[in-house]
Novice: 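Quick one: the structure is below, questions incoming.
The analysis underlying the following values was restricted to heavy atoms, covering all of them including side chains, and did not include hydrogens, waters or symmetry mates. Along the sequence shown, residues carry numbers from 1. Atoms within a ligand are numbered from 1 in the order they appear, just like the ligands themselves. Just so we're clear, the structure is a prediction, and the values are computed from it rather than from any experiment.
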Amino acid sequence: MKNRQVRLAARPVGLPKPGDWQITDEAVAEPGEGEILVEVSHLSLDPAMRGWMNEGKSYIRPVAIGEVMRAGGAGKVVKSSHPKFAVGDVVTGGFGVQQYALSDGKGVVKVDTRLVPLPVYLGTLGMPGMTAYFGLLEIGKPKEGETVVVSGAAGAVGTVVGQIAKIMGCRVVGIAGGAEKCKYLTSELGFDAAIDYKHQDVKTMLKEHCPKGIDVYFDNVGGDILDACLARLAMHARIVICGAISQYNSTEGMKGPANYMSLLVNRASMTGMVVFDYADRYGEAAREMAGWIKAGRLKTKEDVVEGGIDAFPETLLKLFRGENFGKLVLKVGA
Ligand SMILES: NC(=O)c1ccc[n+]([C@@H]2O[C@H](COP(=O)([O-])OP(=O)(O)OC[C@H]3O[C@@H](n4cnc5c(N)ncnc54)[C@H](OP(=O)(O)O)[C@@H]3O)[C@@H](O)[C@H]2O)c1
C-alpha cells in the first residue's frame, strides 16, 4: 500500500504555483503503541493554509520545506494500537494532505455520520464553525437588535456567523462576491441584506443597509472592505479580526486600515481571534450548533470537490478566486 502525499516544495510568492508543491509516494506506516492509522477520505481546504506556507512568526509554526502540507481532514481508523480508538471509527483531525495518516490521537475526534454528513464536521461542526461561534459570541458579543456585518459572508465561516447573529436577534448584512452568493444569503439563510462587493459600492450600500451604523463587524477579508466598515461604525462597535483573505497573496505587503481613527471617535474596539484558543470549549459549541442544525435554524453548505490528492494544489486556489461556495472540501478517498 502506498501513501500519496503533497509536500511543500518552496515558499510561494503571491498565489501558490504548481512548482511550490511536490507530490510523493511512500510506504504506509504501521502504528506503534498508542497510535492509530487513519485512511483519509476528505480534506479541509482553508485560507489559513496560505499563511502556514510563509516563513516567520505567526500563531502556529510554518510548514517546513519538504514537509507534508498541514491540513485538517476526516477519515476512518484502519489500524489501532490506541485504547480510545477502534478500527472503523470515523474521525476528524490534523491529518495533513495525504491518503494515510499516523496519529497519537491528540486532537482526533470521533464523529457520528448518522447525524450529519462527514464534510459538515470539517465545516459548520468543525474548525470554521468554531471560529464563527467563538469569534462572534465571545468577541463580537452581539446584542438583540444590533446590526452585524460579516464579510466573506458566503463562505465556511461567514455563513455561520450570519446565521448565529440572526439566532441572536440581530439585523445581519453580508458582504460577498457575486449576485448568486448574495441571493443565497438573503433568500436561503435569512440575512436581512447582502452587498455584492464585486459589482456594488460597499460604502454606499453599507449606508443604505446599516442606517444606525455597524455594531459588530466580523472581518474575514481585510483591505478596502475593512476600511469601508470602519467608516460606518456605531458607538461602542466591536470589530472581530478573523482573517484578511484579500491580503494573503499580496506581493506588496499588507494593506492596513486607513480609517482606524473611527475606533477612537466611536469608542470602538478591534480584536484579533484565533480559534485554537477555544479548543477546550469546542464540544460545548458543537452541541449547541448541532441542536440548531437539527431544529432547522442553522443551514450548512459544503462545496465538495471530487479530485483526489493530486488535485490539492489547484483546488486550494478556488478559495482565493472566490470559486468555492460554502466550506471547501477535497474528497481524496472512499
Ligand atoms: N482566526 C481564526 O482562527 C480563523 C479560523 C478560520 C478561518 N479564518 C479566516 O476566516 C476567513 C474565511 O475563511 P473560510 O474558511 O470561511 O473561507 P471561505 O470564506 O469559505 O472562502 C474564502 C472566500 O474568501 C473570499 N475572497 C477571496 N478573495 C477575496 C478578496 N480579495 N476580497 C474579498 N473576499 C475574497 C471568496 O468569497 P467571495 O466570492 O465572496 O469573494 C472566497 O470564497 C479567512 O480570512 C480565514 O483565514 C480565521
Novice: List, for ligand 1, each N/O atom that has a protein N/O partner under 3.5 Å away, with both atom names and the distance.
Specialist:
unit_1, atom_1, unit_2, atom_2, d
ligand 1, 1 (N), Cys242, O, 3.0
ligand 1, 1 (N), Met273, O, 2.8
ligand 1, 3 (O), Val275, N, 2.8
ligand 1, 10 (O), Asn220, OD1, 3.2
ligand 1, 16 (O), Ala156, N, 3.2
ligand 1, 16 (O), Val157, N, 2.8
ligand 1, 20 (O), Ala156, N, 2.9
ligand 1, 20 (O), Asn324, ND2, 3.0
ligand 1, 21 (O), Asn324, ND2, 3.2
ligand 1, 34 (N), Tyr197, OH, 3.3
ligand 1, 39 (O), Lys181, NZ, 2.6
ligand 1, 40 (O), Gly177, N, 2.8
ligand 1, 41 (O), Tyr197, OH, 2.5
ligand 1, 43 (O), Asn324, OD1, 2.5
ligand 1, 45 (O), Asn220, O, 2.8
ligand 1, 45 (O), Tyr248, OH, 3.1
ligand 1, 47 (O), Tyr248, OH, 2.7

Novice: Please collect all ring pair (Phe, Tyr, Trp, His ring centres under 6.0 Å) contacts where either partner lies in residues 205-249, sequence neighbours excluded, each pair once.
Specialist: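 Not a single pair qualifies under ring pair (Phe, Tyr, Trp, His ring centres under 6.0 Å).
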Novice: Just checking, any donor-acceptor pair under 3.5 angstrom between side chains of Ser269 and Arg238?
Specialist: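 There is no such pair (donor and acceptor under 3.5 Å, judged by atom type) between the side chains of Ser269 and Arg238.
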Novice: Going by the rule salt bridge (charged side-chain N to carboxylate O under 4.0 Å, His left out), which residues pair with Glu67 if we only count those two or more places apart in sequence or in a different chain?
Specialist: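 Partners of Glu67 under the salt bridge (charged side-chain N to carboxylate O under 4.0 Å, His left out) test: Arg61.
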Novice: Would a hydrophobic clustering, with Ile, Leu, Val, Met, Phe, Trp and Tyr connected at side-chain separations under 4.5 Å, put Ile195 with Leu189?
Specialist: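 Yes, Ile195 connects to Leu189 through the hydrophobic network.
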Novice: Do Thr159 and Lys327 meet the criterion of a side-chain donor-acceptor pair at a distance under 3.5 Å?
Specialist: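 The answer is no; no qualifying pair exists.
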Novice: Which residues pass the side chain to side chain donor-acceptor pair (under 3.5 Å) test with Lys143, not counting sequence neighbours?
Specialist: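 Here no residue qualifies.
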